[in-house]
Amino acid sequence: MDEDEKKRIQHRTANKKAWQREQIAKHGYFIIENGPNAGQRCTYVGSQKGHDTSKAREAAYQAAQDAKIRWMEESKGVQWVRAQIAKGKSRALILEEFNELHKQNPENYSTREGKPLSKGVLSKWCREMNPLAV
């Protein structure tokens, strides 16, 4: 999904929520248009007042953390960085060599976003590595 499409979706969503708020202000409700509750009246926009969303937020956070850990374990680039740190190479040299490898093979040697390695990301990876495993 490119940036323009993302902005269009955000704009449509904002317009729909504004329309829903307008309908609630006028009539006290709006009619749900899509989904399993289509045709029913709704008196709120978003989550119901007093509705606990903490479990959903926690599950989303945990899923994101699991995906990050899985990516770190499977990434050839992260494994390569671990090996270089275990050899005792300097971070500047690791950064330079990694970015050369990124130019040759960006699928395997890149950050999670597919970009070249930066000092900040390298520091973060080093902090997150288990010192006993390196």
State plainly whether the residues K76 and E107 are in salt-bridge range, i.e. N to O under 4.0 Å. no
For the pair M129 and V81, evaluate side chain to side chain contact (heavy atoms under 4.5 Å, CB included) and give the outcome as yes or no after the intermediate values. CA-CA 10 Å; M129 287 181 196; V81 168; 3.7 Å; yes
Report the distance from atom CD1 of I32 to atom CD of Q20, rounding to the nearest 0.5 Å. 8.5 Å
Would you check if the side chain of T53 reaches a backbone N or O of A56 as a donor-acceptor pair within less than 3.5 Å? no
Would you say the side-chain atoms of Q79 pair up with the backbone N or O of E73, donor to acceptor, closer than 3.5 Å? yes
Rounded to the nearest 0.5 angstrom, the CG-CD1 distance for N99 and I94 is 11.5 Å
Kindly determine whether I9 and R12 satisfy side chain to side chain contact (heavy atoms under 4.5 Å, CB included), including the steps that lead there. CA-CA 5 Å; I9 291 170; R12 280 196 308 268; 3.3 Å; yes
Between R91 and S123: side-chain donor-acceptor atoms closer than 3.5 Å: yes
Nearest-0.5 Å distance, CD of residue E3 to CZ of residue R8: 11.0 Å
Is E128 paired with K68 through a side-chain N to carboxylate O contact shorter than 4.0 Å? yes
Hydrophobic cluster membership, Y29 vs V45, 4.5 Å side-chain cutoff: no
Does K89 have more than 12 heavy atoms from other residues, nucleotides or ligands lying within 6.0 Å of its NZ? yes
Taking all non-hydrogen atoms of both residues, which atom of A38 and which atom of E33 are closest, and how far apart? CB-O, 3.6 Å
Can you measure from CD1 (I24) to SG (C42) and round to the nearest 0.5 angstrom? 6.0 Å
Do the ring planes of W80 and F98 sit parallel (below 30°), tilted (30 to 60°) or perpendicular (above 60°)? tilted
For I85 and C126, work out which heavy atoms get closest and say how close. CD1-SG, 3.2 Å
Quick one: sort the W71 and W125 rings into parallel, tilted or perpendicular, breaks at 30° and 60°. tilted
Measuring only between side-chain heavy atoms, which start at C-beta, is H102 closer than 4.5 Å to N108? no
Going by heavy atoms in the side chains, are Q40 and N37 under 4.5 Å from each other? yes
OG of S75 to CZ of R70: how many Å apart, nearest 0.5 Å? 14.0 Å
E22/K26 salt bridge by N-O under 4.0 Å criterion: yes
Heavy atoms of L95 and L117 approach each other most closely as CD1-O, 3.3 Å
How many angstroms lie between CZ in R21 and CZ in F30, if you round to the nearest 0.5 Å? 10.0 Å
